[in-house]
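Since the structure comes first, as structure tokens, the remarks are kept for the end.
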Protein chains: 2
Amino acid sequence: MSWPEGTPMLHNAAARFARNVEAMSGGRFSITVDAPGRHKAPLSILDMVRSGAYEMGHSASYYYKGKDPATTFFTTTPFGMNPTEMNAWYYYGGGLELLNKVYVRHNVVAFPAGNTHIQMGGWFKKEIKSVQDLKGLKIRMPGHAGEVVGRAGMNPISIPPGELYTALERGTIDAVEWVGPANDVKMGFHKIAPYYYTGWHEPGAELHVFINKQQFDALPEDLKKIIAIAAKEVSFDMLSESFYRNAIAWEGMKKQNNIKIRTLPEDVLTLFKKANDELLDEVAEQSQLAMEVIASQREFLEKAKDWSSITDADYLRLR
Amino acid sequence: MSWPEGTPMLHNAAARFARNVEAMSGGRFSITVDAPGRHKAPLSILDMVRSGAYEMGHSASYYYKGKDPATTFFTTTPFGMNPTEMNAWYYYGGGLELLNKVYVRHNVVAFPAGNTHIQMGGWFKKEIKSVQDLKGLKIRMPGHAGEVVGRAGMNPISIPPGELYTALERGTIDAVEWVGPANDVKMGFHKIAPYYYTGWHEPGAELHVFINKQQFDALPEDLKKIIAIAAKEVSFDMLSESFYRNAIAWEGMKKQNNIKIRTLPEDVLTLFKKANDELLDEVAEQSQLAMEVIASQREFLEKAKDWSSITDADYLRLR
């Protein structure tokens, strides 16, 4: 797996998948979970599974965008689908077929296998009141979302997790995006950066199980089905666990600290949306498959938005 | 199962569960799905499973509130948890344990196994502008929510599904609550009752698999696990299918018809909430277990509301 031993939710998801496959197969199929402490290559899981160094891996598709731009949006897309919409797309809107159309080229069978729920937008030392406040602001925000804020005038900086608190304290960075309360509370960011922004950049990051294609194809049908269903159960379960642990952690944090929840101002959101759309168009030009994935997500999102607005959004407002 | 052959989503959920259990067990475990056309007792699934007439059933817990008030809110609670919150409660907030604390008394092992997503509030011939418009209004709205609107001055009427369209057309009823676009479109209500109200009464109805306790206990551990995971997968999958099919159906309906989406006015919502809270307090007094279920849901909902408001609600607004 890509995650250090004991990472809340993420390690649980890998361990749960392994445990369930073993139990459902009556012990015929046994999976050992290795953390980066052992394999030393958290962001090379795909390579190791492709080559057969490992038969399986638990990782996130968007870590491999350097290798294949089409992999990026199977994890999440800024301003894109929330987890319920994403699952509808994966299982009924053609997403799972597209995922494997991409991964078969990497000699891998892939399954969605875990979701963080909507991530928070990060901790800021100063309030963002308009696009003027973005200029040169140093933020830890990796990947596609980092490119979006870079285009909007911010300065995205890559810093190892263990050095983030000190970097924020000393002003090496002005803001830091991490995950959500259950993970953030241990990092201590809220003690030195009180503005906690709501999320726009990772509306439910999906993790994945990768399996070497020759190894998977050689399995009997019942074990193939057990793996597929165990991956789907863990995708579902981690969303429930993430929601639960974040809701509980947030209740504790907000009571003990003076945290100021903020939504980014309209003009900033408009600028980010524009930068994101341009970036998506550019990625779509890099490969035919990336174009297919982006087009498929955009098409379903248009329909999903309307239905979500008269159900989920309306319900949370009227309740 | 409780559902007629071919009912969108619901029949699929039962069939999918049966298919996956058979495939994962390599054919050792085979499940035949009977519709009410065969067993003639759609609302007595619990009795048939308890007695062993069937080893298993697919139904909804709230159909059995006459038998045991504690069963009611495992399906859904008006103004209560949405599906994401409900799943967090079931799997991490003690819900699954409470479900089985209730059902063991009926000689049954129970699993959540399907979700309709947030249901729409129904079709009305005239617009509801204030509580004045509720008085004597005849509506098809069954169960606990029917009691809520009854207390608020409406007249909830029970009519068999096959007679609903004619009843609405002739004015025997003024409004009808059904499910959502994918199911509603076939009923044709939108042609004669153009006001389509957003939902407050069933924010994600959960279905269940019931299994006779002696039969379940006699199974080997691997088959027990296969059943538990297959039920959970179908709970997840039906939510995705419901979201997908409703989003697509809604797009088609709104383009071809002059449907007016409305949210109930503030004063009506306030009145319904008050009636619902009073009713919940009364049900809680009927049994110690009902009180436990209601208290557990209320306690988690308080925490979940806050987290949902800065994630799901905020995200759908800013996107």
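These numbers come from the heavy atoms of this one structure, side chains and all, not from hydrogens, waters or symmetry mates. Chain identifiers are assigned alphabetically (A, B, ...) following the order of the sequence lines, protein sequences preceding nucleic acid strands; residue numbering begins at 1 within each chain.
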Proximity breakdown for [X] and chain A, heavy-atom pairs closer than 4.5 Å:
X	result
B/Trp200	both
B/Asn246	both
B/Ile261	side chain
B/Glu241	both
B/Ile248	side chain
B/Met86	neither

| message | Over 60° means perpendicular and under 30° means parallel, so tell me whether A/Trp307 and B/His117 are parallel, tilted or perpendicular. | response | tilted

Could you have a look at [options] and say which one has the most heavy-atom pairs with chain B under 4.5 angstrom?
options	result
A/Gly26, A/Gly121, A/Ala23	A/Ala23
A/Gly80, A/Pro78, A/Gly27, A/Ser235	A/Gly80
A/Met24, A/Arg317, A/Lys224, A/Gln119	A/Met24
A/Glu221, A/Arg245, A/Lys273	A/Lys273

Residue pair [X] / [Y]: nearest heavy atoms and the distance that separates them:
X	Y	value
B/Arg319	A/Met81	NH1-CA, 4.1 Å
B/Ala304	A/Ala247	CA-CB, 4.4 Å
A/Tyr315	B/Phe79	OH-C, 2.8 Å

Review point. For atom CD of A/Glu299, is the number of surrounding heavy atoms from other residues, nucleotides or ligands below 6.0 Å larger than 12?
Key: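 For A/Glu299, atom CD is not crowded (no more than 12 foreign heavy atoms under 6.0 Å).
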
B/Glu97 atom CD, neighbour heavy-atom count above 12 within 6.0 Å = yes

Using non-hydrogen atoms and a 4.5 Å limit, figure out which bit of [X] sits close to chain B: side chain, backbone, both or neither.
X	value
A/Lys305	both
A/Glu85	both
A/Asn82	both
A/Leu318	both

Using side chain to side chain contact (heavy atoms under 4.5 Å, CB included) as the criterion, point out the one residue from A/Trp89, A/Phe300, A/Tyr91, A/Tyr90 that pairs with B/Tyr244.
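So the option named by the test is A/Phe300.
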
task = Quickly, which of B/Asp312, B/Leu316, B/Ile310 forms a side chain to side chain contact (heavy atoms under 4.5 Å, CB included) with A/Ile118? Name it, please.
result =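 With A/Ile118 as partner, side chain to side chain contact (heavy atoms under 4.5 Å, CB included) holds for just one option, B/Asp312.
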
Taken to the nearest 0.5 Å, the spacing of B/Arg19 CZ from A/Lys225 NZ works out to 7.0 Å

Quick one, B/Lys232 and A/Asp237 - any side-chain contact, counting heavy atoms below 4.5 Å?
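Yes - at least one pair of side-chain heavy atoms lies under 4.5 Å apart.
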
Q.
Are the side chains of A/Lys254 and B/Asp306 in contact, using a 4.5 Å heavy-atom criterion?
A. yes

